[in-house]
Amino acid sequence: MRIATHNVNSIRTRVDRVVSWLERTNTDVLAMQEIKCKPDQFPYKQFEDAGYQITMHGLNQWNGVAFASRIPAEDVEIGFSGMPAFGKEGKEAVEEARAIGATFNGVRLWSLYVPNGREIGDPHFHYKLDWLDRLAGNVAEWVEHEPDQPLALMGDFNIAPLDTDVWNIDDFAGLTHVTPEERQAFEAFEQIGLQDVVRERIPDGYTYWDYQQLRFPRNEGMRIDFILGSEPFASRVTSAVIDRDERKGEAPSDHVPVVVDID
DNA sequence: ATGGTTGAGTGTCAA
């Protein structure tokens with residue numbers, strides 16, 4: 001089974017590229033982030049014509065996650081238990097669509113769009129850390145209660161865990177994505193027993209390049225998209241790819257697909 | 001030059 005994650009940055013803008021990529025790469029399950037549409041706006045037909053069913057969660061124009069799969073999605077879960085809504089002090093919290101889980105051929109997958117954080121100290125930064133903490137609490141329970149379940153968290157974590165995951169760490173002083181708090185939140189998943197099944201096969205390489213300032217031509221990118229698998233998942237992984245070529249050509253997303261094959 | 005790009009949607013906000 002070939003599974004992948006991709007922050008598509010608007011599925012309506014990218015549908016031709018994404019469906020073409022799915023067919024060309026023979027991918028069975030794609031976890032998407034930043035679909036940027038509500039349920040009635042999703043371009044279902046183009047996926048269905050290619051043999052993929054859609055399982056999505058979208059509430060506004062900013063975020064939203066989905067699966068496209070040639071395998072039926074079972075036990076679909078919208079968000080995770082206790083997933084925080086975003087709320088500034090004195091304002092009502094707003095629910096956000098950033099997580100969807102489903103089981104495919106017995107493999108439990110999550111498509112996750114971790115909050116960006118914006119700036120250190122910003123309410124969105126605290127929201128990001130809280131969101132990750134709540135997620136880790138859930139994952140710890142899942143792994144404990146079903147230790148034999150192949151499980152993977154897939155998505156845009158908006159964290160660069162290593163200094164080498166950005167083009168120049170000195171340029172990131174005082175910025176989000178590289179703070180000790182965010183890196184600790186990322187490492188928490190490893191302490192629970194998940195492993196980065198791509199890093200152990202592909203030590204170097206970015207998954208995201210900003211549209212601005214010629215970041216891609218200069219290869220000034222960031223590694224912020226990950227597939228973290230439980231031991232029963234990780235032991236089934238046979239290969240991994242970061243599809244850097246998908247950042248090229250007409251109207252690409254600013255992120256590229258990250259792919260693994262499992263037995 | 002203190003900007004530079006893209007997307008949602010038509011105001012700017014978000015990344």
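In the text below, chain A, chain B and the rest are named by the order of the sequence lines, each starting its count at 1. Please read these numbers as outputs of a predicted model, since none were measured by experiment.
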Original post:
Taking only side-chain nitrogens and oxygens of A/Arg12, does any of them come within less than 4.0 Å of OP1 or OP2 of B/dG9?
Top reply: yes
Original post:
Which is true for A/Gln61 with a 4.0 Å heavy-atom rule: it touches a base, it touches only sugar-phosphate, or it touches nothing?
Top reply: sugar-phosphate
Original post:
Which of parallel (below 30°), tilted (30 to 60°) and perpendicular (above 60°) describes A/Trp110 and A/Trp142?
Top reply: parallel
**OP:** Could you give me the CA-CA distance, side-chain angles and deciding distance for A/Leu132 and A/Ile159, then say whether side chain to side chain contact (heavy atoms under 4.5 Å, CB included) is met?
**Re:** CA-CA 11 Å; A/Leu132 287 162; A/Ile159 300 171; 3.7 Å; yes
Original post:
Between B/dA15 atom C1' and A/His177 atom NE2, what is the distance in whole Å?
Top reply: 8 Å
**OP:** Identify whether the distance between the nearest side-chain nitrogen and carboxylate oxygen of A/Arg70 and A/Asp28 falls below 4.0 Å.
**Re:** yes
**OP:** Calculate the interatomic distance between A/Ile35 atom CD1 and B/dA15 atom C1'; express it in whole Å.
**Re:** 16 Å
Original post:
Distance between the P atoms of B/dA1 and B/dT12, in whole angstroms?
Top reply: 29 Å
Original post:
Within the pair A/Arg14 and B/dG7, is there a side-chain N or O less than 4.0 Å away from OP1 or OP2?
Top reply: yes
Original post:
Starting at the 5' end of DNA chain B and moving along, which residue's nearest nucleotide shows up first, A/Gly117 or A/Lys38?
Top reply: A/Lys38
**OP:** Could you tell me the separation between the CD atom of A/Glu119 and the P atom of B/dA14, rounded to a whole number of Å?
**Re:** 11 Å
**OP:** May I ask you to verify if any side-chain N or O of A/Arg118 is less than 4.0 angstrom from the OP1 or OP2 atom of B/dA14?
**Re:** yes
**OP:** Describe the nucleic acid contact of A/Phe216 in one word from base, sugar-phosphate, nothing, applying a heavy-atom distance below 4.0 Å.
**Re:** nothing
Original post:
Of the nucleotides B/dT6, B/dG4, B/dA15, which has the atom closest to the A/Asn116 side chain?
Top reply: B/dA15
Original post:
Has A/Thr13 got a side-chain N or O lying under 4.0 Å from the OP1 or OP2 atom of B/dA8?
Top reply: yes
Original post:
For the side chain of A/Glu34, counting heavy atoms from C-beta on, which of B/dA15, B/dG7, B/dG9 is nearest?
Top reply: B/dA15
Original post:
Salt bridge check: are A/Arg98 and A/Asp156 linked by an N-O gap of less than 4.0 Å?
Top reply: no
Subject >> A/Asp122 with A/Lys128: basic N within carboxylate O range, under 4.0 Å >> reply: no
Subject >> B/dG3 and B/dG7, which share atom name P, separated by this distance in whole Å >> reply: 22 Å
Subject >> Rounded distance (Å) that lies between atom P of B/dA14 and atom CG of A/Asn60 >> reply: 11 Å
Subject >> Carboxylate-amine/guanidinium contact A/Glu246 A/Arg24, below 4.0 Å >> reply: yes
Original post:
Taking for each residue the nucleotide of DNA chain B with the nearest heavy atom, is it A/Pro115 or A/Pro252 whose nucleotide lies nearer the 5' end?
Top reply: A/Pro252
**OP:** Provide, to the nearest angstrom, the distance between the OH atom belonging to A/Tyr127 and the P atom belonging to B/dA14.
**Re:** 13 Å
Original post:
Separation of A/His255 atom NE2 from B/dG7 atom P, in whole Å?
Top reply: 13 Å
Original post:
Between B/dC13 and B/dG9, how far is it from one P atom to the other, in whole Å?
Top reply: 16 Å
Original post:
Rounded to whole angstroms, how far apart are CG on A/Asp122 and P on B/dA14?
Top reply: 9 Å
Original post:
Once you round it to whole Å, what is the distance between P of B/dG9 and NZ of A/Lys36?
Top reply: 10 Å
